[in-house]
Protein chains: 2
Amino acid sequence: MKKIKVLKKQILQRKGDLYSKSYKVESGLLRSYTIDEKGKEHIFMFGPEGWIVTDYVSPNEPCELYIDALEDSVIVAIEKTSSQDIDLKKFIKRIRVLQNRVIMLMSATASDRYEHFISTYPNIIQRVPQHMIASYLGITPEALSSLKSQRLRSKQ
Amino acid sequence: MKKIKVLKKQILQRKGDLYSKSYKVESGLLRSYTIDEKGKEHIFMFGPEGWIVTDYVSPNEPCELYIDALEDSVIVAIEKTSSQDIDLKKFIKRIRVLQNRVIMLMSATASDRYEHFISTYPNIIQRVPQHMIASYLGITPEALSSLKSQRLRSKQ
DNA sequence: TATATGCATTAATGTAGATTAAGAAATCTA
DNA sequence: TAGATTTCTTAATCTACATTAATGCATATA
């Protein structure tokens with residue numbers, strides 16, 4: 001149970017790393033993401049205070065995701081092998097989130113996905129740049145920008 | 001451990017059901033899917049022989065997915081509460097599959113997703129109608145059809 | 001303080017895939 | 001066997017979002 005201070009932009013884990021850990025966020029904000037063949041980043045998850053950010057791979061498999069800090073943060077690194085923290089309900093919850101994400105990507109418009117995002121994670125929006133929200137939603141920053149101004153216009 | 005015979009089109013589980021089980025496929029083919037607000041089906045998973053098809057919700061939560069049989073099948077229903085079958089590696093594997101699906105939906109074209117599908121599940125293609133493959137890929141049957149003929153043309 | 005770098009917005013143009021519609025082929029069912 | 005139903009294909013049109021590019025602003029760095 002070691003508490004670690006990390007600075008904004010610090011990378012905790014890279015794709016391909018072995019012996020990856022889980023990171024419990026005490027304060028600050030982490031994210032996990034991939035980089036595709038075209039060099040484009042795709043954000044999987046934002047991890048604010050209280051969340052656990054991890055790449056769900058078995059302890060000794062090479063990991064799939066990058067994890068870095070979006071703000072200066074204090075985190076606790078947890079060994080994946082220590083079984084006391086393997087909470088099956090967390091796994092199930094994560095699967096449901098991912099299932100839901102797949103449904104959203106297949107059936108909802110970018111606009112719907114944005115509405116869903118701001119109602120689910122209202123506190124995240126102020127803390128991360130727009131292009132990262134776009135990356136999470138699976139659209140370009142430009143598309144998000146015009147989507148937002150349409151939204152404003154239609155509300156007033 | 002009860003072995004059940006189910007006929008094609010038989011529904012094993014509906015969204016909202018409580019006390020859902022896991023289904024191990026001995027022979028035949030199952031699928032899990034959702035129906036969105038517009039009434040459109042989205043297939044999550046095809047489950048041929050040897051696979052376990054389940055909705056990853058906690059034993060007593062209402063489930064999210066429909067599960068039905070695409071072929072006459074023989075299956076074994078497994079209680080979720082029986083902890084002997086809770087294999088963490090299976091959960092992790094499922095999460096990775098879903099993670100990968102999210103990446104694919106966000107970064108790959110329909111054509112890339114189709115190529116990926118046929119190389120990952122080559123045996124499924126002959127067994128299910130095209131519109132279900134399309135549903136799995138997140139495109140319309142028409143889009144899949146034209147995509148296939150383009151593919152043929154470019155190969156010969 | 002000046003200059004570079006990152007970020008958000010807007011507009012024009014392009015394109016993947018949706019929608020609609022119609023017809024042919026295959027499969028089911030009476 | 002005949003009609004109904006499901007499946008697949010093709011083609012025309014439409015639209016959501018990508019791409020490209022230009023501009024303004026904020027933040028970082030020398």
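Lettering follows sequence order; numbering is per chain, from 1.
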Strictly by salt bridge (charged side-chain N to carboxylate O under 4.0 Å, His left out), give each pair with a member in [range] just once, sequence neighbours left out.
{"range": "residues 132-145 of chain A", "result": "none"}
{"range": "residues 39-48 of chain B", "result": "B:R31-B:E41"}
{"range": "residues 117-127 of chain B", "result": "B:E49-B:R127, B:E71-B:R127"}

**Prompt:** Taking only residues two or more places apart in sequence, or in another chain, which ones meet A:Y23 in a ring pair (Phe, Tyr, Trp, His ring centres under 6.0 Å)?
**Reply:**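 Listed in chain order: nothing, the list is empty.
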**Asked** Which residues pass the ring pair (Phe, Tyr, Trp, His ring centres under 6.0 Å) test with A:Y33, sequence neighbours left out?
**Response**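 In terms of ring pair (Phe, Tyr, Trp, His ring centres under 6.0 Å), with neighbours along the sequence ignored, A:Y33 is linked to A:Y66.
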**Item:** CA sep, side-chain torsions, deciding dist, call: B:L105, A:V102, side-chain contact (heavy atoms from CB on, under 4.5 Å)
**Value:** CA-CA 8 Å; B:L105 285 167; A:V102 171; 3.9 Å; yes
**Request:** State which residues pass salt bridge (Lys or Arg N to Asp or Glu O under 4.0 Å) with B:D17; sequence neighbours excluded, sorted by chain then number.
**Result:**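 Result, salt bridge (Lys or Arg N to Asp or Glu O under 4.0 Å) vs B:D17: none returned.
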**Prompt:** Who are the salt bridge (Lys or Arg N to Asp or Glu O under 4.0 Å) partners of B:K24, not counting sequence neighbours?
**Reply:**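 If we apply the salt bridge (Lys or Arg N to Asp or Glu O under 4.0 Å) test to B:K24, skipping adjacent residues, there are no hits.
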**Prompt:** What about the rings of A:Y121 and A:F46, do their centers lie closer together than 6.0 Å?
**Reply:**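 No, the ring of A:Y121 stays outside the 6.0 Å limit from the ring of A:F46, centre to centre.
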**Message:** Return a single string for nucleotides 23-30 of chain C, one symbol per nucleotide in 5' to 3' order, where B is base contact, S is sugar-phosphate-only contact and - is none, cutoff 4.0 angstrom on heavy atoms.
**Reply:** --------
Rounded to the nearest angstrom, tell me the gap between atom [atom1] in [X] and atom [atom2] in [N].
{"X": "B:L152", "N": "D:dC8", "atom1": "CG", "atom2": "P", "value": "15 Å"}
{"X": "A:M104", "N": "D:dC17", "atom1": "CE", "atom2": "P", "value": "12 Å"}
{"X": "B:K148", "N": "D:dA11", "atom1": "NZ", "atom2": "C1'", "value": "18 Å"}
{"X": "A:L105", "N": "D:dA16", "atom1": "CG", "atom2": "C1'", "value": "15 Å"}
{"X": "A:L7", "N": "D:dA28", "atom1": "CG", "atom2": "C1'", "value": "16 Å"}

Could I get a table of every N or O pair under 3.5 Å where one atom is in the protein and the other is in nucleotides 13-18 of chain C?
| from | atom 1 | to | atom 2 | distance (Å) |
| --- | --- | --- | --- | --- |
| C:dG17 | OP1 | B:A110 | N | 2.7 |
| C:dA18 | OP1 | B:T140 | N | 3.4 |
| C:dA18 | OP2 | B:T140 | N | 3.2 |
| C:dA18 | OP2 | B:T140 | OG1 | 2.9 |

**Asked** Which parts of residues 120-137 of chain B get close to DNA chain D, meaning a heavy atom less than 4.0 angstrom away?
**Response**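 Within this stretch, B:P129, B:Q130, B:H131 sit under 4.0 Å of the strand.
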**Request:** Determine whether the side chains of B:R153 and B:S149 contain a donor N or O and an acceptor N or O closer than 3.5 Å.
**Result:**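 Judged by distance alone, the side chains do pair up.
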**Asked** Would A:S20 and A:K80 count as having a side-chain donor-acceptor pair, cut-off 3.5 Å?
**Response**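 There is such a pair between these side chains.
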**Message:** Determine whether a donor-acceptor pair (N or O, by modelled atom type, separation under 3.5 Å) exists between the side chain of B:D72 and the backbone of B:K8.
**Reply:**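 A pair under 3.5 Å: yes.
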**Asked** To the nearest 10 degrees, how far apart in direction are the end axes of the helix from C:dT1-D:dA30 to C:dA30-D:dT1, each fit to five base pairs?
**Response**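 So the angle between the two local helix axes works out to 50°.
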Under 3.5 Å, which donor-acceptor pairs link side chains of residues 88-100 of chain A to any protein atom two or more places apart or in another chain?
| from | atom 1 | to | atom 2 | distance (Å) |
| --- | --- | --- | --- | --- |
| A:R96 | NH1 | B:E61 | OE1 | 3.0 |
| A:R96 | NH1 | B:E61 | OE2 | 3.1 |
| A:R96 | NH2 | B:E64 | OE2 | 2.5 |

